[in-house]
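First the structure, in the form of structure tokens, and then the observations on it.
Predicted model, so just to flag it, every value in this text is computed and none were measured.
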Amino acid sequence: QVQLVESGGGLVQAGGSLRLSCEASRRTFGNYAMGWFRQAPGKEREFVAAISWRGDTTYHTDVKGRFTISRENAKNTVYLQMNSLKPEDTAVYYCAARDYASDYDARAYYLWGQGTQVTVSS
């Protein structure tokens with residue numbers, strides 16, 4: 001069974017940076033589109049960024065220019081580099097996978113990691 005394992009969350013001050021990683025336990029990682037989503041307390045899970053199997057990227061407007069999604073297929077890993085963090089970025093961040101094309105809708109993804117907490121202090 002394929003698993004996704006996130007890491008890299010933590011506590012950071014506003015304006016700081018974090019890099020999240022998500023490693024998949026499958027050799028055919030290259031066929032996956034990978035997405036990052038986040039969920040703050042009392043709010044619904046929302047799209048953050050996604051990368052298709054070919055490397056095409058999309059971002060939520062709130063993070064565009066601050067966050068960068070990338071993938072390293074040789075390591076079965078997708079990254080989310082987060083710069084200029086704001087308190088409103090505080091949430092549990094999840095990575096997710098689906099076949100080939102990326103999507104904004106969380107319902108389109110069928111594999112999910114356990115989540116990693118990101119807390120940004122003001």
Side-chain angles (χ1 to χ4, degrees):
Q1 186 174 354
V2 181
Q3 290 185 318
L4 302 178
V5 179
E6 300 103 333
S7 61
L11 173 65
V12 65
Q13 288 188 333
S17 298
L18 283 174
R19 188 176 80 156
L20 306 183
S21 300
C22 172
E23 183 174 357
S25 60
R26 185 169 180 172
R27 293 185 201 174
T28 56
F29 175 79
N31 294 338
Y32 287 150
M34 301 298 296
W36 285 98
F37 294 80
R38 66 187 180 187
Q39 188 166 18
K43 295 188 177 181
E44 293 189 354
R45 191 169 297 189
E46 68 173 3
F47 171 77
V48 176
I51 185 166
S52 74
W53 71 289
R54 299 185 304 178
D56 302 314
T57 58
T58 56
Y59 297 92
H60 190 287
T61 52
D62 289 350
V63 307
K64 200 167 186 178
R66 299 189 296 124
F67 292 9
T68 302
I69 188 171
S70 61
R71 65 189 302 154
E72 191 170 357
N73 290 344
K75 294 186 176 181
N76 290 357
T77 300
V78 63
Y79 304 99
L80 185 68
Q81 177 67 43
M82 305 186 295
N83 299 328
S84 302
L85 282 161
K86 305 175 181 180
E88 50 264 43
D89 295 317
T90 296
V92 177
Y93 283 71
Y94 299 89
C95 72
R98 67 186 303 270
D99 294 332
Y100 298 112
S102 58
D103 201 292
Y104 300 99
D105 191 342
R107 294 170 296 182
Y109 293 79
Y110 59 84
L111 287 174
W112 289 85
Q114 81 287 353
T116 185
Q117 176 70 47
V118 171
T119 303
V120 184
S121 64
S122 57

If I compare all heavy atoms of Thr77 with all of Ser21, which pair ends up nearest, and what's the gap? CG2-CB, 4.2 Å
Mind checking whether Phe67 and Val78 sit in one hydrophobic cluster, side chains of I, L, V, M, F, W, Y counted as touching below 4.5 Å? yes
In Å and rounded to the nearest 0.5 Å, what is the SG to CZ distance from Cys22 to Arg71? 10.5 Å
CZ of Arg107 to CZ of Arg98, rounded to nearest 0.5 Å, is 12.0 Å
Take Tyr94 and Leu4, measure what side-chain contact (heavy atoms from CB on, under 4.5 Å) needs, and give me the verdict at the end. CA-CA 9 Å; Tyr94 299 89; Leu4 302 178; over 6 Å; no
Got Tyr109 and Ser102 here, is their nearest side-chain heavy-atom distance under 4.5 Å? yes
Heavy-atom closest contact (Ala50 atom, Asp103 atom, distance): CB-O, 4.4 Å
Spatial distance of atom CD (Glu6) from atom CH2 (Trp112) [nearest 0.5 Å]: 9.5 Å
Say whether Thr119 and Gln117, considering side chains only, have a donor N or O and an acceptor N or O under 3.5 Å apart. yes
May I ask you to check whether over 12 heavy atoms, not counting those of Tyr110, lie within 6.0 Å of atom OH? yes
Sequence neighbours left out, what passes side-chain hydrogen bond (donor to acceptor under 3.5 Å, both in side chains) with Ser17? Give chain and number order. Asn83
Can you hop from Leu18 to Val92 via hydrophobic side chains spaced under 4.5 Å? no
Rounded to the nearest 0.5 Å, how far apart are OH of Tyr93 and CG of Leu80? 7.5 Å
Do Arg45's NZ or CZ and the ring of Phe37 fall within the cation-pi criteria of under 6.0 Å and 45°? no
Start with the C-alpha gap between Asp99 and Tyr32, add the side-chain angles, then the distance that decides, and say whether side-chain contact (heavy atoms from CB on, under 4.5 Å) holds. CA-CA 5 Å; Asp99 294 332; Tyr32 287 150; 3.9 Å; yes
Please list all pairs meeting side-chain hydrogen bond (donor to acceptor under 3.5 Å, both in side chains) that have one or both residues in residues 57-67, counting only residues at least two apart or in different chains. Arg66-Asp89
For the CD1 atom of Ile69 and the CG atom of Asp56, what is their distance to the nearest 0.5 Å? 11.5 Å
Do Val120 and Met82 come close enough that some side-chain heavy atom pair is under 4.5 Å? no
Do Phe47 and Leu20 sit in the same hydrophobic cluster, where Ile, Leu, Val, Met, Phe, Trp and Tyr count as joined when their side-chain heavy atoms come under 4.5 Å apart? no
Looking at every heavy atom in both Ala24 and Phe29, which two are closest together, and how far apart are they? CB-CD1, 3.6 Å
dist Asn76:CG -> Met34:CE (nearest 0.5 Å) comes out at 9.5 Å
Which residues share a side chain to side chain contact (heavy atoms under 4.5 Å, CB included) with Ser25, sequence neighbours left out: Val2, Gln3
